[in-house]
Amino acid sequence: MAGRSNESAVTERSDQPGSLRRLAVTPALPRPIMAMAVRYTLHLLERKAPGPGVEVRVAPWGAIKILDGPASDPHNLTPPDVIELDPDVWLRLAAGITTWSEEKQAGHISAVGERDDLSDLLPL
């Protein structure tokens, strides 16, 4: 793609503290590459912590179930613990650019259930 940079974009001013700059890093990837990166890193997480107990959703490109625990019941296919992230947030966490606590504090992670912290599993 002509004219597109493969470097990360920073939307915050560069005079902001480091944690704010890290939270603003958004991978400037073509859509198919972003989709592949999300799916691959979700696959790595699934292999690292297999199980049916927590659903991790990175819309629109993937959702996996990880960690031991109660699975979904026959009437509801969603487990009791669900974590939702945007693709850019997920890739920052997977790569170790930001931490779970930074993203959670910034309001970038939606998590429901008792197991709403993946910080022990990240970065990949």
Linked, directly or transitively: V112 and L85 (ILVMFWY side chains, under 4.5 Å): no
Do V82 and V89 belong to the same hydrophobic cluster, where Ile, Leu, Val, Met, Phe, Trp and Tyr are linked whenever their side-chain heavy atoms lie under 4.5 Å apart, directly or via other members? no
Minimum heavy-atom separation for [X] and [Y], please, with both atom names.
X	Y	answer
L93	E103	CD2-CG, 3.8 Å
I66	A49	CB-O, 3.0 Å
L45	W90	CD2-CH2, 3.6 Å
V58	P87	CG1-CA, 3.6 Å
P123	A95	CB-C, 4.0 Å
I83	R115	CD1-O, 3.9 Å

With a 4.5 Å limit on heavy-atom distance, are the side chains of I109 and L118 in contact? no
Can you check whether K104 reaches D117 side chain to side chain, under 4.5 Å on heavy atoms? no
My understanding is that only residues two or more places apart in sequence, or in another chain, count here; which of them pass side-chain contact (heavy atoms from CB on, under 4.5 Å) with [X]?
X	value
A106	L23, H108
P32	P30
R39	A35, W61
E114	D81

Can you tell me how far the [atom1] atom of [X] sits from the [atom2] atom of [Y], to the nearest 0.5 Å?
X	Y	atom1	atom2	answer
K48	L122	NZ	CG	6.5 Å
T98	R22	OG1	CZ	7.5 Å
Y40	L91	OH	CG	13.0 Å
I64	L42	CD1	CG	5.0 Å

Who pairs with D116 by side-chain hydrogen bond (donor to acceptor under 3.5 Å, both in side chains), at least two apart in sequence or on another chain? none
Residues in side-chain hydrogen bond (donor to acceptor under 3.5 Å, both in side chains) contact with E46, at least two apart in sequence or another chain: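 By the side-chain hydrogen bond (donor to acceptor under 3.5 Å, both in side chains) rule, E46 matches no residue at all.
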